[in-house]
Amino acid sequence: MLTLHDSHLVYNNQPLHYFWLKDNCRCSACLHSSGQRLQEILDLDLTIQPEVVRIERGELFITWQDGHQSRYSQTFLGSMHYDEQDANNNAALEQPVLWDGKLDAPAITFGYPDVLSRQDIKRDWLAAVKQFGLAFLQDVPNVDKQLFKVVEQFGFVRDTNYGSHFEVIAEENPVNLAYTPKPLSLHTDNAYRHPVPTLQLLHCLVSAEKGGVTALTDGFYAAELLQQRFPQQYQLLTSTPVTYRFKNADTDLEHTGYIIELNNNGSLERIRLNNRSIQAIKLPFAEMAGFYAAYQNFSRILHSEECKFLCTLKPGELMIFNNERILHGREVAAEGARHLQGCYADIDSLKSTLAVLETTLEYQMETK
Ligand SMILES: O=C(O)CCC(=O)C(=O)O
Ligand SMILES: [Fe+2]
C-alpha cells in the first residue's frame with residue numbers, strides 16, 4: 001500500500017512527490033485556520049526527504065529531515081490525485097447545458113417572491129443561470145431600479161459608461177441604437193470591453209403595444225453547429241482578430257478579440273459579437289472573402305429557427321443571462337411606449353453565492 005522511492009512515495013497507487021507533500025502540509029504553521037496557505041514557494045526545499053513515514057488508520061504521517069511533522073487525512077489525499085487527467089479542469093465538471101430554439105423556458109422561469117423566500121428556489125434560479133446561461137423571473141415588482149434588488153441576491157452591479165443601469169426606451173438623440181425602437185440583431189453587449197460584463201439583466205416595466213420581441217440564442221450551441229458543419233469557418237472565427245469600439249464625447253473603448261473565443265483547452269470561452277460596434281475588418285486581401293463568408297454564416301446560424309428562441313417580456317418579468325454566451329436582440333421594431341431597465345453584473349459572484357447556498361442546503365439535508 002505504501003512504497004518509498006528517491007523523490008516520492010506511492011500510497012494507495014497514488015504517486016506523491018516529497019516536495020509536494022511538504023508544500024501541502026496541513027499543520028497550523030503551514031496552513032492558516034482560514035484555509036489560506038502560509039507557505040512561501042521561495043522557502044520550499046525541492047530536494048526535501050522524509051525521515052520517517054507511517055500510516056495510521058489510513059492517515060499518512062511524515063517526519064521531515066528538519067523535524068517538521070506533517071499529517072495528511074484520507075479525505076485530503078483522496079481528493080488530490082494530481083496525476084490524473086482533468087485533475088485541474090474543474091470546468092470539465094461544469095459543462096454548460098446547451099439549448100436550441102425549442103428552449104423549455106418554463107423550466108428556467110422562477111417566481112421572484114419564491115426566490116426571496118425559499119433558498120432552494122434561489123439555488124435553482126442561480127443554477128439555471130450557470131448551466132443554461134439564462135433564466136427568467138416573474139412578479140418582479142414593477143418599480144424603478146428594482147433590478148438592483150435582484151442583483152443583491154447574488155452579487156454586485158457592474159457600472160459602465162452607461163452608468164449603474166440603463167433605460168431601454170426610445171430616445172431623441174441616442175448614444176446607442178439600443179435606445180431606439182429599431183430592431184437589433186443578435187449580439188453580446190460591450191464587445192469593446194475587456195473584461196466584458198459577464199451578466200446582463202433586463203427588467204420589463206412597460207411592454208410595447210406591438211413588436212419589441214426579444215430574441216435569444218445560445219451562442220455556444222450555435223458555435224458547436226458551426227464547428228460540426230463548417231469546421232474551417234469555425235477555425236477562422238476563433239482565430240481572426242476583430243476590433244470593437246464605442247466612442248462618444250466622454251468614452252472611447254476599444255478591444256480586439258475573436259468572434260468565437262476559446263480557452264487554452266480549446267473549449268468555448270466566450271462569444272464576442274456586436275454588429276453595431278464591430279470595426280472595419282482589416283485582413284490580407286486573399287483572406288477577406290473567406291472571413292466574410294464565415295462571419296455571415298455564423299450570423300445566419302445564430303438567427304436561424306433552429307437556434308433562436310423568441311419571447312415577449314411582460315411588465316414584471318426580468319431576464320438574466322450570461323453575456324459571454326447568450327446573444328440577445330430585439331426582433332421587431334417596438335411600437336408604442338416600451339420601457340426596459342437594464343444593468344450588468346458578474347457571474348463569478350453568482351457562482352460563489354450558488355456554491356455557498358448548495359453547501360448550506362446540503363448541510364441542512366444531512367442534519368434533518
Ligand atoms: O430592447 C431590447 O429588447 C434589447 C436592448 C438591448 O439589447 C440592450 O439594451 O442591450
Ligand atoms: Fe444589448
Side-chain angles (χ1 to χ4, degrees), residues 91 96 98-99 129-130 132-134 158 160-162 166 176-178 184-202 214-227 230-247 251-283 287-288 290-304 307-308 319-330 342-348 350:
L98 304 186
W99 49 267
V129 180
K130 181 174 161 186
F132 294 86
L134 166 70
R158 168 95 167 261
T160 66
N161 49 300
Y162 301 103
F166 46 89
N176 192 308
L177 288 176
L184 299 172
S185 62
L186 286 164
H187 62 279
T188 60
D189 269 22
N190 284 238
Y192 37 79
R193 277 190 181 271
H194 195 69
V196 68
T198 46
L199 285 175
Q200 180 171 177
L201 288 86
L202 287 170
T214 295
L216 295 159
T217 286
D218 185 346
F220 285 7
Y221 178 72
E224 287 203 351
L225 288 187
L226 184 74
Q227 186 182 24
F230 307 92
Q232 279 170 338
Q233 294 192 339
Y234 177 82
Q235 211 279 327
L236 278 181
L237 297 191
T238 56
S239 61
T240 308
V242 291
T243 298
Y244 295 96
R245 188 171 185 199
F246 178 85
K247 184 170 162 40
T251 306
D252 192 351
L253 285 158
E254 184 176 299
H255 180 74
T256 300
Y258 306 108
I259 291 179
I260 301 172
E261 298 191 347
L262 305 179
N263 63 23
N264 288 343
N265 300 324
S267 348
L268 290 165
E269 178 134 300
R270 76 175 62 77
I271 307 295
R272 200 182 269 284
L273 183 58
N274 193 306
N275 163 70
R276 285 164 283 147
S277 57
I278 197 164
Q279 301 299 289
I281 306 292
K282 294 179 182 162
L283 279 178
E287 292 172 22
M288 192 60 91
F291 171 80
Y292 262 82
Y295 173 26
Q296 186 178 65
N297 194 31
F298 185 45
S299 184
R300 196 178 290 132
I301 292 175
L302 286 165
H303 288 88
S304 69
C307 291
K308 191 173 63 178
M319 61 179 187
I320 171 169
F321 54 91
N322 182 334
N323 184 48
E324 293 188 304
R325 170 177 162 194
I326 309 301
L327 292 94
H328 64 289
R330 191 161 60 214
C343 76
Y344 302 112
D346 281 306
I347 201 157
D348 52 353
L350 184 145

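For clarity, every value in this text was computed on a predicted model and none was experimentally measured.
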Examine Phe132 together with Phe220 and report whether their ring centres are nearer than 6.0 Å.
no
Of all residues at least two apart in sequence or in a different chain, which pass the side chain to side chain donor-acceptor pair (under 3.5 Å) check with Ser185?
none
Is a donor on one side and an acceptor on the other found under 3.5 Å between the side chain of His328 and the backbone of His187?
yes
Using the ring pair (Phe, Tyr, Trp, His ring centres under 6.0 Å) criterion, which residues pair with Tyr221? Sequence neighbours excluded.
none
Please walk me through it: do Ile259 and Val242 pass side chain to side chain contact (heavy atoms under 4.5 Å, CB included)?
CA-CA 7 Å; Ile259 291 179; Val242 291; 3.9 Å; yes
Over 60° means perpendicular and under 30° means parallel, so tell me whether His194 and His255 are parallel, tilted or perpendicular.
parallel
Return yes if some donor-acceptor pair links the side-chain N/O of Tyr192 with the main-chain N/O of Thr243 below 3.5 Å, else return no.
no
Sequence neighbours excluded, the answer for side chain to side chain donor-acceptor pair (under 3.5 Å) partners of Asp348 is none
Minimum heavy-atom separation for Leu98 to Asp218, with atom names?
CA-OD2, 3.3 Å
Backbone N or O of Arg245 within a donor-acceptor pair of the Ser277 side chain at under 3.5 Å?
no
Please evaluate residues Gln279 and Tyr244 with respect to the criterion side chain to side chain contact (heavy atoms under 4.5 Å, CB included), reporting the C-alpha separation (whole Å), side-chain torsions for both, the decisive distance (0.1 Å), and the verdict.
CA-CA 6 Å; Gln279 301 299 289; Tyr244 295 96; 5.8 Å; no
Does atom CD (Glu254) have a neighbourhood of more than 12 heavy atoms from anything else shown, all under 6.0 Å?
yes
Counting C-beta onward and ignoring hydrogens, is there a side-chain heavy-atom pair between Ile281 and Phe291 closer than 4.5 Å?
yes
Determine, using ring centers only, whether Phe230 and Phe298 are less than 6.0 Å apart.
no
For the pair Ser299 (side chain) and Tyr295 (backbone), establish whether a donor and an acceptor sit closer than 3.5 Å, ignoring hydrogens and angles.
no
Which of these, Leu202, Thr160, Leu201, Ile320, sits in a side chain to side chain contact (heavy atoms under 4.5 Å, CB included) with Cys343?
Leu201
Nearest-0.5 Å distance that lies between atom CG in Leu237 and atom CZ in Arg272:
14.5 Å
Under the 3.5 angstrom rule, does the side chain of Thr217 hit a backbone N or O of Leu302 as a donor-acceptor pair?
yes
